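This structure is a prediction, so every number in the text was calculated from the model and none was measured. Both ligands and their constituent atoms are indexed starting at 1 by order of listing.
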Amino acid sequence: MFTSALERFQKVWKSYRHRFVPWVVFNLSKNEKTLRQVTERAKDQLVPDEHVSRSLLKLFRALHRNRAHQGELREAHVNPVPTFLGKEEQDGGRDLIFQSLGFCIDRKPSSLPSAGTGVFVTRGCVPRGATVAMYPGTIYQPYEPILLQSICNPFVFRCIDGVLVDGNDKGISKMVFRSCSGRDRIGPFVTSDTTWLTDTPRNPLAVGQYVNNCTDDRPANVCYQEFDIPDSFPIELRQFLPNVNYSQETKRPLRCVVLVSLREVRAGEELFSNYYTIVH
Ligand SMILES: C[S@@+](CC[C@H](N)C(=O)[O-])C[C@H]1O[C@@H](n2cnc3c(N)ncnc32)[C@H](O)[C@@H]1O
């Protein structure tokens, strides 16, 4: 009798794909109302890859134009003032996301007591099915070692296929990301962005690791979606990607994870995801 109960439990447990390491998940409610149910074949997609790609390209092209413009300004100054130009670039980034996608997001103290930092829509309105944020971090294939980096780390996200994303912006995780990012330059081209490790990310979408889990009163308004960067992704725009492979030997396309809105989200609202997905 005990064996059959154990087998039943194992079957149910296997169909759950908790999105964070088990010790985080055990402490948070599943919230059945917004639990995502997907088939392995459907690969957990709410919107087609082309939608995600179009949004990212639109924003990244605008960021790229802005960087080129800042460069021209810097050259035109006899005595450039770096802090002024740096701030311009940050403020410009905020305006650019609003002009490109129609909304801004930012980190602020969560509206939930004792949930730390959360992510809010601070300006404009996010339509349903929009790419609202990106989950930054180092990408580990299921067979790669992450033990040391994952100890007491609430930012390790698990994809449907077992790929892990370490979105921690502190300690050893931060060092690993910086080191992999420096390693992967292609000639003059930087292929990933390390500024998500600071308070002022160059890519304003790269704060998805701070989105909190939904509760009974606050159902999820965004969900996670895996997005593999196609080979055709312009090399000059990869500098805005907040992800990097742990191993240089990885043959697969670079994995990114985006957060997609489940409904319209207005300025002032906090983003909530569901840390669980059920795979049939
Ligand atoms: C991926 S992090 C999210 C960012 C986190 N709020 C922070 O400030 O670092 C996951 C952690 O956030 C906290 N958290 C997320 N959702 C929560 C909730 N609904 N209630 C309380 N804490 C929550 C838990 O501490 C969890 O381990």
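Atoms of ligand 1 lying under 4.0 Å from any heavy atom of T215, numbered from 1 in the order shown and given with element: 19 (N). Near G116, the atoms of ligand 1 lying under 4.0 angstrom from a non-hydrogen atom of the residue are 8 (O). Atoms of ligand 1 lying under 4.0 Å from at least one heavy atom of L112, given by number and element, are 18 (C), 19 (N).
Side-chain contact check for T122 and D106: no donor-acceptor pair (N or O, by modelled atom type) lies under 3.5 Å. Using modelled atom types, one finds no donor on one side chain facing an acceptor on the other under 3.5 Å when comparing D217 with T215.
Under 4.0 Å from ligand 1, not a single heavy atom of F272 appears.
Of the listed residues (N212, N213, D216, V211), the one carrying the non-hydrogen atom nearest atom 5 (C) of ligand 1 is N212.
Ligand 1 has a nitrogen or oxygen under 3.5 angstrom from a nitrogen or oxygen of A115. Annotation: T117 places an N or O atom under 3.5 Å from an N or O atom of ligand 1; distance criterion only.
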Side-chain polar contacts of residues 49-60 - donor-acceptor pairs under 3.5 angstrom, sequence neighbours left out - could you list them?
from	atom 1	to	atom 2	distance (Å)
D49	OD1	Q45	NE2	2.6
S55	OG	H51	O	3.2
K58	NZ	S100	O	3.2

Show which side-chain atoms of residues 125-149 pair as donor or acceptor with protein atoms under 3.5 Å away, not counting sequence neighbours.
from	atom 1	to	atom 2	distance (Å)
R128	NE	L262	O	3.1
Y135	OH	F155	O	2.7
Y140	OH	Q149	NE2	2.7
Q141	OE1	R252	NH1	3.4
E144	OE1	Q141	N	2.9

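Within the structure, the closest approach of F157 to ligand 1 does not fall below 4.0 Å when heavy atoms are considered.
In the displayed structure, R266 atom CZ is contacted under 6.0 Å by at most 12 heavy atoms of other residues, nucleotides or ligands.
When each of V257, V165, L46 is tested with Y224 by the rule side-chain contact (heavy atoms from CB on, under 4.5 Å), just one qualifies, namely V257.
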